[in-house]
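Inspection log for the structure reproduced underneath, given as structure tokens.
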Amino acid sequence: MLLGREFYARKTLVVAKDLLGRVLVHVDEGVRRAGRIVETEAYIGPHDLACHASKGRTARTDVMFGHPGHAYVYLIYGMYDCFNVVTEREGYPSAVLVRALAPLEGCVGKTDGPGKLCRALHVTRAQNRFDLTDPASSLTIEEGTPVSPRKIARGPRIGVDYAGDWAGKELRFWVRQDPHVSR
DNA sequence: CTATTGATGGTC
DNA sequence: ACCATCAATAGG
């Protein structure tokens with residue numbers, strides 16, 4: 001069963017936690033590549049200085065201003081794609097970065113980092129704006145098994161030291177003790 | 001610690 | 001038309 005629009009149309013922080021244990025699936029030219037989500041980060045709205053959309057609506061950030069449940073995939077450091085899901089209501093730009101997976105099917109290499117998981121599932125900017133709630137989509141998220149709150153750890157986001165007051169906020173979530181969480 | 005790599009957004 | 005920067009990673 002796929003997660004529906006209403007799953008994503010909630011507070012980004014809630015979605016970030018609730019995505020742990022869910023299964024990201026990419027049907028890549030007929031082959032299923034999938035992993036269980038074990039680490040996420042919340043990027044919340046125009047005031048979050050670490051959120052790309054805090055610089056306004058541009059060609060890149062446009063998708064974050066749209067409907068929840070769509071993919072936001074962007075290129076970082078000229079080499080790595082990062083996969084996010086758009087959250088909250090239309091017009092309020094926010095997303096959850098998926099940082100690590102436990103590999104399940106068809107993964108090429110490791111999945112313990114945002115760039116690595118995209119490489120492993122063959123997710124690129126070609127999938128940007130894809131609707132994750134559409135059963136006909138090649139990129140979806142299945143219900144999987146939610147993680148009990150007691151097994152969820154929390155800490156500051158990675159690589160956002162530039163973000164002033166928002167740099168220290170604990171908006172990163174991971175499954176405690178899971179070996180596939182990024183270093 | 002460094003090199004990598006190119007899109008992106010700001011400035012001139 | 002530049003230019004600094006970047007939600008990362010691999011390799012010393």
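None of the values given here were measured: they were computed from a predicted structure. Protein chains get the first letters and strands the later ones, always in sequence-line order, with residue 1 at the start of each.
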What does A:R119 touch in the nucleic acid at a heavy-atom separation under 4.0 angstrom: a base, only the sugar-phosphate, or nothing?
->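 Contact class for A:R119: sugar-phosphate only.
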
Would you mind classifying the nucleic acid contact of A:Y43 as base, sugar-phosphate or nothing, using non-hydrogen atoms under 4.0 angstrom?
->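 Answer is base: heavy atoms of A:Y43 come under 4.0 Å of a base.
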
Determine, for [Y] and [X], whether the Lys NZ or Arg CZ falls below 6.0 Å from the six-membered ring centre while staying within 45 degrees of the axis.
X	Y	value
A:R172	A:W174	yes
A:R5	A:F7	no
A:R129	A:Y72	no
A:R157	A:Y43	yes

Can you tell me, in whole Å, how much space there is between the P of B:dT2 and that of C:dT5?
->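 My reading of the P atoms in B:dT2 and C:dT5 gives 15 Å.
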
Which is the 5'-most and which the 3'-most nucleotide of DNA chain C that has an atom under 4.0 Å from a heavy atom of chain A?
->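 From 5' to 3', the first and last contacting nucleotides are C:dC6 to C:dA10.
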
For DNA chain C, list all stems, counting runs of three or more consecutive pairs where every pair is Watson-Crick or G-U wobble with both distances under 3.5 Å.
->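 Stem segments, range with range: B:1-4 with C:8-11, B:6-11 with C:1-6.
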
A:T140/A:S137 under side chain to side chain donor-acceptor pair (under 3.5 Å): CA gap, chis, key distance, verdict | CA-CA 7 Å; A:T140 53; A:S137 177; over 6 Å; no

Give, for atom OG of A:S94 and atom CG of A:L13, the distance between the pair rounded to the nearest 0.5 Å.
->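 Result: 11.0 Å between the selected atoms.
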
When rounded to the nearest 0.5 angstrom, what distance separates SG in A:C82 from NE2 in A:H52?
->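 Those atoms lie 8.0 Å apart.
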
Going by a 90° cut-off around 0, is C:dA8 syn or anti?
->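 Anti conformation here, the glycosidic angle of C:dA8 being more than 90° from 0.
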
Check against side-chain contact (heavy atoms from CB on, under 4.5 Å), A:E88 and A:I44 | CA-CA 9 Å; A:E88 310 224 15; A:I44 312 176; 4.2 Å; yes

Using only heavy-atom distances, determine whether the side chains of A:D28 and A:H122 contain a donor-acceptor pair under 3.5 Å.
->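 Judged by distance alone, the side chains do pair up.
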
Sugar-phosphate or base contact per nucleotide [nucleotides 1-11 of chain B; S, B, -; heavy atom under 4.0 Å] = ---BBBSSSS-

Do any N or O atoms from the side chain of A:E143 and from the backbone of A:R22 form a donor-acceptor pair under 3.5 angstrom?
->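 Checked: no pair found.
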
